[in-house]
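A quick write-up on the structure given underneath.
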Amino acid sequence: ARGSVNYSSQTLQKLKLWFRQSEKRAKLRYKRVQAIQATAKGKDGFMTKAENETVFHIEMLGGFKLTVGDKVISDTISRTHQLWNLLEYLIAFRHKTISQEELIAALWPNDDSENPANALKNLVYRIRSTFTSHGLPHAKEIITFYHGAYRWNNDLPCVVDTEEFERLCKEAANPVQ
């Protein structure tokens with residue numbers, strides 16, 4: 001759903017403010033994850049400073065861009081639309097596990113793949129390889145697979161612009177009196 005949308009100046013100001021504050025909030029979220037991991041049975045809980053500062057900033061409004069530190073990946077680096085479709089789908093539904101069948105139906109609705117399960121595995125491999133070749137941390141762990149289902153790895157701290165935009169819209173619709 002990419003297109004031109006006009007937003008009020010108040011909403012744009014809120015978004016600008018959010019983008020300035022997003023990294024700080026993401027780091028706080030990551031510290032909470034780190035604390036949980038430190039208390040988890042069987043985990044040592046120790047992370048390097050670099051890991052602690054790794055925050056994925058994901059932009060899906062008006063195009064796709066993922067930034068980690070000084071590393072940037074966007075939908076302009078590859079012409080393969082399915083790769084970006086899969087990645088955006090997993091991020092958009094990152095709080096749920098998505099079955100292989102659901103992803104196949106979303107990516108190939110007209111049954112235009114001879115072996116869609118293999119094509120899906122290949123797309124996941126290509127996403128991981130793209131992230132690795134661009135030097136992004138945790139490239140092999142970004143997408144998890146367990147019992148026939150895929151998921152964006154929510155153990156990695158990330159800030160997603162669409163989620164924040166929805167939150168700001170709800171906040172604007174229900175102003176505090």
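Heavy atoms only: backbone and side chains are in, while hydrogens, waters and symmetry mates are out.
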Next on the checklist: Any non-hydrogen side-chain atom of Lys65 less than 4.5 Å from a side-chain atom of Thr67?
Outcome noted: yes
Next on the checklist: Quick one, Leu87 and Asp75 - any side-chain contact, counting heavy atoms below 4.5 Å?
Outcome noted: no
Checklist entry - Is any side-chain heavy atom of Arg94 less than 4.5 Å from a side-chain heavy atom of Val160? => result yes
Next on the checklist: Rounded at 0.5 Å granularity, tell me how far OG1 in Thr162 sits from CD1 in Ile58.
Outcome noted: 8.5 Å
Next on the checklist: I'd like to know if Val72 and Ile91 are part of one continuous hydrophobic network [Ile/Leu/Val/Met/Phe/Trp/Tyr, side-chain heavy atoms within less than 4.5 Å].
Outcome noted: no
Next on the checklist: Working to the nearest 0.5 angstrom, can you tell me the gap between Leu123 CG and Trp84 CH2?
Outcome noted: 11.5 Å
Item to check | Side-chain H-bond candidate by donor/acceptor type, Glu102 with Tyr150, under 3.5 Å | outcome: no
Next on the checklist: Side chains of Thr144 and Trp152, heavy atoms from C-beta outward: is any pair under 4.5 Å?
Outcome noted: no
Item to check | Nearest atoms (heavy-atom pairs only) where Pro137 meets Val68 | outcome: CG-CG1, 3.6 Å
Next on the checklist: If you compare all heavy atoms of Thr130 against all heavy atoms of Ile73, which two are closest, and at what distance to 0.1 Å?
Outcome noted: O-CD1, 4.0 Å
Checklist entry - Do Arg167 and Glu171 meet the salt-bridge criterion of a basic N to acidic O distance under 4.0 Å? => result yes
Checklist entry - Is it the case that Arg151 and Thr97 place a side-chain donor and acceptor less than 3.5 Å from each other? => result yes
Next on the checklist: If I take atom CG from residue Leu103 and atom CD from residue Glu101, how far apart are they, to the nearest 0.5 angstrom?
Outcome noted: 9.0 Å
Item to check | Enclosure of Lys121 NZ (heavy-atom neighbours >12, cutoff 6.0 Å) | outcome: no
Checklist entry - In Å, rounded to the nearest 0.5 Å, how long is the span from CD1 of Ile143 to CD1 of Ile127? => result 4.0 Å
Checklist entry - Considering all heavy atoms of both residues, which atom of Thr76 and which atom of Ser74 are nearest to each other, and what is their separation? => result OG1-OG, 2.6 Å
Checklist outcome for this item: Of all heavy-atom pairs linking Pro116 and Ile104, the shortest is CB-CG2, 3.5 Å
Item to check | Worked verdict on Thr132 versus Lys140 for side-chain contact (heavy atoms from CB on, under 4.5 Å) | outcome: CA-CA 7 Å; Thr132 299; Lys140 301 290 184 193; 3.8 Å; yes
Checklist entry - Quick one: does Asn153's side chain get under 4.5 Å of Phe56's, heavy atoms only? => result no
Next on the checklist: Please give me the minimum heavy-atom distance between Ala106 and Tyr89, naming the atom from each residue.
Outcome noted: CB-CE1, 3.8 Å
Checklist entry - What do the steps show when you test Met60 against Glu88 for side-chain contact (heavy atoms from CB on, under 4.5 Å), and what is the final call? => result CA-CA 7 Å; Met60 296 194 309; Glu88 288 184 65; 3.9 Å; yes
Next on the checklist: Does Glu141 form a salt bridge (Lys or Arg N to Asp or Glu O under 4.0 Å) with Arg128? I'd like the steps, not just the answer.
Outcome noted: CA-CA 8 Å; Glu141 304 142 19; Arg128 291 173 177 155; over 6 Å; no
Checklist outcome for this item: Value for CG (Leu120) from CG (Leu86), rounded to nearest 0.5 Å, stands at 6.0 Å
Next on the checklist: Tell me whether Phe145 at atom CZ has more than 12 heavy atoms from other residues, nucleotides or ligands lying less than 6.0 Å away.
Outcome noted: yes
Checklist outcome for this item: Of all heavy-atom pairs linking Gln82 and Leu107, the shortest is NE2-O, 2.8 Å
Item to check | Distance in Å, Ser133 OG paired with Arg126 CZ, rounded so as to fall on 0.5 Å steps | outcome: 12.0 Å
